[in-house]
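These notes are about the structure you will find just below.
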Amino acid sequence: TVVTTSEWNSQVLTMHGIPNYIVPRAVDDDVADTVFENVRQNPTEYKYDFILVATVTRDGHKNDRLAYQVLRDLNALTRTLKICDREWCDIKPFSLSDDQLYEYMRQSKAIIWLSESEGFGLPPAEAMSVGTPAIRFDSHYVEAPFVGKGHETILQFKIPVYGYKPRVSPVAPGKYFPSPIFDYNDVIRTFKEALYYFDGNDRDEIYEMRFNLHEYVKSNFYHSVVIDKLLRIDAVRVRLE
């Protein structure tokens, strides 16, 4: 029996007759709860318009260069905290503690998450745990953090997708991943919508939005929830017994 965070992995395993279960990745409950207390005290204490969290990949599917282009065209580079591995980034990936990362996310209006395909996708779940919504593609291949119980209540800024084209796998020759087909004007518009939201809502409305995001992650991706899902798997329970 295999446990995976990825629906794609699950499909491959099932195709080969291997029993498997999908269990999401977990957010650090203690840090999320501690940092969210600052949101309760001041829900509109923002230092940044956006936060970008991305690693450099050989096939570029994280789209950090696309994010840079959008931020440049919107004159928003200096209003964005860029955690990535390019010369224009502010902080290197994996150089922050969870406490530091979650605090930076709390101080940002939205997280930029333009990945094209993910097994799960932890950064937006971490951001939502401290009340920060995500800008992302409206794609089935990145929706795992956004389709949990109660997802109807959470704010997202979704970039329209008009189909998919194959993207060559950087690690498996002859294999492909889906790459979304989109209009750059829609990307710009979605970023602007995120800013308009914060300009057009008062403190109480923004707090309610942030609280709903926090509660959504708490219900779906906290360690206590994920561990319970693991313990409900027959093979795991039998092994423990």
Side-chain angles (χ1 to χ4, degrees), residues 24 27-53 67 70-71 73-83 98-115 121-139 142-161 182 185-222 224-225:
V27 165
D28 191 322
D29 335 11
D30 295 334
V31 175
D33 283 345
T34 299
V35 173
F36 193 75
E37 284 304 311
N38 294 327
V39 177
R40 296 182 193 277
Q41 298 298 319
N42 192 346
T44 56
E45 182 187 24
Y46 290 116
K47 186 175 180 180
Y48 309 101
D49 282 348
F50 306 108
I51 185 170
L52 171 67
V53 181
V70 174
L71 295 171
D73 290 348
L74 291 175
N75 294 317
L77 281 168
T78 58
R79 305 196 308 273
T80 301
L81 181 65
K82 302 170 288 295
I83 303 174
D98 281 354
D99 302 72
Q100 292 170 316
L101 177 61
Y102 285 39
E103 183 61 26
Y104 280 134
M105 288 178 168
R106 175 189 74 83
Q107 297 172 8
S108 306
K109 294 177 181 176
I111 183 172
I112 301 168
W113 195 63
L114 302 183
S115 185
L122 191 59
E126 293 175 318
M128 289 189 291
S129 77
V130 293
T132 299
I135 299 172
R136 56 104 168 181
F137 285 115
D138 188 9
S139 166
V142 293
E143 70 177 6
F146 308 99
V147 293
K149 179 177 63 177
H151 69 272
E152 303 88 355
T153 67
I154 63 173
L155 177 67
Q156 307 172 55
F157 300 103
K158 295 189 282 189
I159 301 165
V161 170
F182 60 92
N185 292 323
D186 286 334
V187 183
I188 291 288
R189 176 180 53 78
T190 304
F191 273 66
K192 288 181 177 179
E193 283 179 359
L195 295 178
Y196 292 157
Y197 174 86
F198 290 93
D199 290 340
N201 287 283
D202 62 25
R203 185 180 187 278
D204 290 342
E205 290 167 322
I206 289 174
Y207 175 72
E208 181 179 4
M209 177 273 293
R210 303 192 76 175
F211 177 80
N212 287 339
L213 287 169
H214 174 72
E215 289 296 304
Y216 166 77
V217 174
K218 188 174 182 178
S219 298
N220 291 280
F221 307 126
Y222 267 24
S224 54
V225 175

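Since the model is a prediction, treat every value here as computed from it, not as a measurement.
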Looking at every non-hydrogen atom in both residues, tell me the closest pair between [X] and [Y] and how far apart they are.
| X | Y | result |
| --- | --- | --- |
| Asp138 | Pro160 | CB-CA, 4.5 Å |
| Ile112 | Ala67 | CG2-CB, 4.0 Å |
| Phe137 | Ser115 | CD1-O, 3.7 Å |
| Ile135 | Leu114 | O-CD2, 4.1 Å |
| Pro145 | Gly121 | CG-O, 3.2 Å |

Chi angles and distances behind the side-chain contact (heavy atoms from CB on, under 4.5 Å) call for Glu126, Leu101: CA-CA 9 Å; Glu126 293 175 318; Leu101 177 61; 3.8 Å; yes
With sequence neighbours excluded, residues passing side-chain contact (heavy atoms from CB on, under 4.5 Å) with [X]:
| X | answer |
| --- | --- |
| Glu208 | Asn212 |
| Ala32 | Val27, Tyr102, Ser129, Tyr222 |
| Tyr48 | Leu81, Tyr104, Gln107, Ser108 |

Salt bridge (charged side-chain N to carboxylate O under 4.0 Å, His left out) contacts touching [range] (sequence neighbours left out):
| range | result |
| --- | --- |
| residues 189-203 | Asp186-Arg189, Arg189-Glu193 |
| residues 213-222 | none |
| residues 32-50 | Glu37-Arg40, Glu45-Arg106, Asp49-Arg79, Asp49-Lys109 |

Verdict with reasoning, Arg136 to Lys158, per side-chain contact (heavy atoms from CB on, under 4.5 Å): CA-CA 5 Å; Arg136 56 104 168 181; Lys158 295 189 282 189; 3.6 Å; yes
Would you mind reporting whether [Y] and [X] have side-chain heavy atoms less than 4.5 Å apart?
| X | Y | answer |
| --- | --- | --- |
| Tyr46 | Ile206 | yes |
| Asp29 | Ser224 | yes |
| Val161 | Ile159 | no |
| Met105 | Val53 | yes |
| Thr44 | Phe198 | no |
| Leu71 | Phe191 | yes |
| Asn201 | Met209 | no |

NZ-CZ distance between Lys149 and Phe221, expressed to the nearest 0.5 angstrom: 11.0 Å
Spacing of CD1 belonging to Ile83 relative to CD1 belonging to Ile51, to within rounding of 0.5 Å: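 Rounded to the nearest 0.5 Å, the CD1-CD1 separation comes to 4.0 Å.
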Parallel, tilted or perpendicular, as decided by the 30° and 60° cut-offs, for the rings of Phe36 and Phe211: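 Aromatic pair Phe211/Phe36 classed tilted.
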Residues which pass side chain to side chain donor-acceptor pair (under 3.5 Å) with [X], listed by chain and number, not counting sequence neighbours:
| X | value |
| --- | --- |
| Thr80 | none |
| Thr190 | none |
| Asp73 | Tyr184 |

Criterion side-chain contact (heavy atoms from CB on, under 4.5 Å) on Leu195 and Leu74, from CA distance to verdict: CA-CA 11 Å; Leu195 295 178; Leu74 291 175; 5.5 Å; no
Non-neighbouring partners of Phe157 that pass ring pair (Phe, Tyr, Trp, His ring centres under 6.0 Å), sequence neighbours left out: none
With Tyr196 via ring pair (Phe, Tyr, Trp, His ring centres under 6.0 Å) - residues at least two apart: none
Verdict with reasoning, Thr132 to Arg210, per side-chain contact (heavy atoms from CB on, under 4.5 Å): CA-CA 6 Å; Thr132 299; Arg210 303 192 76 175; 3.6 Å; yes
